[in-house]
Amino acid sequence: MNIKEKKKRLEELYGQYERGVAEFKKSAACIKGCATCCIYVGNIDITTLEGIIIYERLATLKEPIKSEIRARLIQNKIDREMKKLSQCPFLRKDRTCMIYDIRPFSCRRLYSIRRCNGGSPIIHRQALEMANQILKKIQQLDSKGYSGHISYILYLLDKREFRKAYLCDRFNPQKIANFGKTHGILINQYIAHH
Ligand code: SF4
């Protein structure tokens, strides 16, 4: 499967999840502008496949917003390396998502049947199981890629050599072994089958 086909399949998987949880989500307490799960977060895990879609969107942004997002991504990486909570770099001031149409699955899977108020979301067990199954399928789809926190994956994709190798399906985890170990980067083809 080439990258274009993988992106299409990814969208199908997102759609499959949305259809599967539509009934459950009817009782969600989430409202536009809440953004608790975008602010009080540790990791926002994404796959490289999701990362490249966001990376390509970033490349289309105009200045000064492009530089602003780059700066936020760098700061987010530093904060997370220091184990500090750091709001998502893509959250706007009005608490809406700048990349809502291409947000990663870790954001799509989240909802809560009660207002979180700084706590953890409460999700139906069946929806949680469905989300875990879809996540595995996404990792299998991106079997030549990796998973990790959003600013870490975008940091890797910003490196020309890594990006080129990824887009050419050249799988060489040794190349990122040190960064991977220190930043909790997972190798999709190893985790998707467990
Ligand atoms: S990508 Fe969008 S939905 Fe996901 S955490 Fe960031 S701002 Fe929130």
Side-chain angles (χ1 to χ4, degrees), residues 7 10-11 13-22 24-25 28-62 64-123 127-128 130-132 134-135 138-139 141-142 145-158 183-186 188:
K7 287 177 186 172
L10 179 67
E11 272 187 33
L13 288 170
Y14 287 163
Q16 193 181 322
Y17 174 73
E18 285 306 333
R19 286 190 298 279
V21 297
F24 298 120
K25 277 197 173 178
C30 308
I31 48 163
K32 192 174 177 183
C34 166
T36 299
C37 50
C38 316
I39 298 170
Y40 304 101
V41 276
N43 277 5
I44 303 167
D45 286 319
I46 68 169
T47 55
T48 25
L49 180 58
E50 294 171 304
I52 198 80
I53 295 169
I54 299 171
Y55 183 86
E56 287 167 355
R57 172 70 59 85
L58 281 179
T60 68
L61 295 179
K62 296 203 165 54
I65 189 76
K66 194 181 204 165
S67 299
E68 195 185 307
I69 297 297
R70 285 186 87 86
R72 282 201 223 167
L73 280 165
I74 292 167
Q75 189 56 49
N76 183 276
K77 178 172 169 286
I78 294 168
D79 288 345
R80 288 305 299 147
E81 284 168 346
M82 288 161 55
K83 311 270 179 244
K84 274 181 15 194
L85 283 185
S86 182
Q87 76 166 45
C88 179
F90 295 104
L91 189 66
R92 291 195 189 99
K93 280 202 178 77
D94 69 356
R95 292 183 157 212
T96 58
C97 174
M98 201 178 282
I99 53 166
Y100 190 76
D101 60 320
I102 54 163
R103 68 200 186 287
F105 187 66
S106 62
C107 309
R108 291 171 194 263
R109 65 180 290 172
L110 272 187
Y111 71 92
S112 181
I113 55 170
R114 261 178 250 149
R115 293 300 296 273
C116 303
N117 293 325
S120 301
I122 300 167
I123 305 172
L128 198 65
M130 219 178 293
N132 289 339
I134 295 286
L135 179 61
I138 295 173
Q139 289 161 345
L141 176 67
D142 194 23
Y146 307 86
S147 292
H149 177 58
I150 194 163
S151 60
Y152 297 167
I153 294 290
L154 288 172
Y155 169 82
L156 286 172
L157 286 169
D158 199 32
H183 291 77
I185 304 295
L186 301 172
N188 287 345

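When a ligand or atom number is given, it counts from 1 through the structure's own listing order.
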Just checking, Arg103 and Tyr100: is the charged tip under 6.0 Å from the six-membered ring centre and within 45° of the axis?
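Positive - Arg103 is close enough to the ring of Tyr100 and near enough to its axis.
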
Mark yes or no: Arg108 above the aromatic ring of Tyr14, with NZ or CZ under 6.0 Å from the six-membered ring centre and no more than 45 degrees from the axis.
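Checked: cation-pi criterion met.
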
Under 2.8 Å from atom 6 (Fe) of ligand 1, is there any N, O or S atom belonging to Cys107?
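So Cys107 does not bind atom 6 (Fe) of ligand 1 by this criterion.
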
Residue, atom name and distance, where the atom is the protein heavy atom closest to atom 6 (Fe) of ligand 1
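Looking at atom 6 (Fe) of ligand 1, the protein heavy atom closest to it is Cys88 SG, 2.3 Å.
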
Would Asp45 and Ser106 count as having a side-chain donor-acceptor pair, cut-off 3.5 Å?
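Absent: no donor and acceptor within the cut-off.
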
Salt bridge check, Glu68 against Arg72: does any charged N sit closer than 4.0 Å to a carboxylate O?
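Salt bridge flag = yes for Glu68 with Arg72.
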
So, is Cys38 placed with an N/O/S atom under 2.8 Å from atom 8 (Fe) of ligand 1, counting both backbone and side chain?
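Checking Cys38: at least one N, O or S atom is under 2.8 Å.
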
Which of the atoms of ligand 1 are close to Cys97, meaning less than 4.0 Å from one of its heavy atoms?
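Selected atoms, number and element: 1 (S), 2 (Fe), 3 (S), 7 (S).
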
